[in-house]
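Taking it in order: structure first as structure tokens, then the write-up.
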Amino acid sequence: QVQLVESGGGLVQAGGSLRLSCAASGRTYSAYAMGWFRQAPGKEREFVAALSWSGSSTYYADSAKGRFTISRDAAKKTVYLQMNSLKPEDTAVYYCAADRFEARVRGSPSSWGQGTQVTVSS
């Protein structure tokens, strides 16, 4: 398995930007597809974005399209989520996730980070 540690969350005003980072460890990290999920208070965890192990394919929830960008730096074993034009409804705990299978990383990934809080004020 791969171990994941998120960072970069915080408080930002509506319309602002944040970049989340997810540092991965493990010898087989490069073979994993990576993703981001979020969970708002009182709501279920939901998919936000995913990236294939090669980086050639990306997937986004409708709520993230056009505003969020997922990317990875293989040398640094880090995955990023650039979030622009943030809205109060983006407020949530954001989780990094990983799985060997691209399809599963968007639904039920096998590895999770501990989460980082993002709060968007109006």
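Side-chain contact check for Cys96 versus Trp112: every heavy-atom pair is 4.5 Å or farther apart. Between Gln39 and Tyr95 the shortest side-chain heavy-atom distance falls below 4.5 Å. Between Gln117 and Thr91 there is a side-chain heavy-atom pair separated by less than 4.5 Å. Side-chain contact between Tyr59 and Val105: absent, with no pair of heavy atoms (C-beta onward) separated by less than 4.5 Å. Looking at Phe47 and Phe37, their side chains come closer than 4.5 Å, going by heavy atoms from C-beta outward. Residues Val118 and Met83 meet the side-chain proximity criterion, which asks for heavy atoms closer than 4.5 Å. Taking the side chain as every heavy atom from C-beta outward, Trp36 and Cys22 approach each other to under 4.5 Å. Contact annotation: the side chain of Tyr60 never approaches that of Arg67 to less than 4.5 Å [non-hydrogen atoms, C-beta and beyond].
Formation of a donor-acceptor pair under 3.5 Å by the Thr78 side chain with backbone atoms of Lys76 is found in this model. No donor-acceptor distance shorter than 3.5 angstrom exists from the side chain of Arg104 to the backbone of Ala33, with no hydrogens or angles considered. Gln114 places no side-chain N or O within donor-acceptor distance of the main-chain N or O of Val5, the cut-off being under 3.5 Å. Within the 3.5 Å criterion, the main-chain N or O of Ser110 finds a donor-acceptor partner in the side chain of Asp99. For the pair Glu46 (side chain) and Arg38 (backbone), a donor-acceptor distance under 3.5 Å is absent.
The OG atom of Ser122 sits 14.0 Å away from the NZ atom of Lys87 when rounded to the nearest 0.5 Å. With rounding to the nearest 0.5 Å, the separation of NZ in Lys77 from CD in Gln3 is 10.0 Å. Taken from CG in Leu51 to OG1 in Thr69, the straight-line distance is 11.0 Å, to the nearest 0.5 Å. For the atom pair CE (Met34) and CG (Leu81), the distance works out to 11.5 Å, reported to the nearest 0.5 Å. Put simply, OG1 on Thr58 and CZ on Phe68 are 14.5 Å apart, with the number rounded to the nearest 0.5 Å.
Minimum interatomic distance between Ala24 and Leu4 (heavy atoms only, all atoms of both residues): CB-CD2, 3.8 Å. When all heavy atoms of Ser52 and Ser56 are compared, the closest pair comes out as OG-N, 3.2 Å. Taking each heavy atom of Ala97 and Pro109 in turn, the nearest pair found is CB-CG, 3.4 Å. The minimum heavy-atom distance between Glu102 and Ser57, with the atom names listed, is OE2-CB, 4.0 Å. The minimum heavy-atom distance between Tyr94 and Val48, with the atom names listed, is CE2-CG2, 4.4 Å.
Taking the side chain to side chain contact (heavy atoms under 4.5 Å, CB included) definition, one finds that Lys43 meets it with Ala40, sequence neighbours left out.
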Take Lys65 and Asp62 through the test salt bridge (charged side-chain N to carboxylate O under 4.0 Å, His left out) and record every step on the way to the result. CA-CA 5 Å; Lys65 288 178 182 176; Asp62 287 344; 3.2 Å; yes
Run Arg72 and Trp53 through side chain to side chain contact (heavy atoms under 4.5 Å, CB included) and show every step you take. CA-CA 9 Å; Arg72 73 194 299 167; Trp53 69 267; 4.3 Å; yes
Working note: Ser17 + Gln82, criterion side chain to side chain contact (heavy atoms under 4.5 Å, CB included); need CA distance, chi angles, decisive distance, verdict. CA-CA 7 Å; Ser17 298; Gln82 177 67 44; 3.9 Å; yes
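By the 6.0 Å and 45° rule, Arg19 stacks over the aromatic ring of Tyr80.
Following chains of ILVMFWY side-chain contacts shorter than 4.5 Å, one cannot reach Leu18 starting from Val93, and the two form parts of different hydrophobic clusters.
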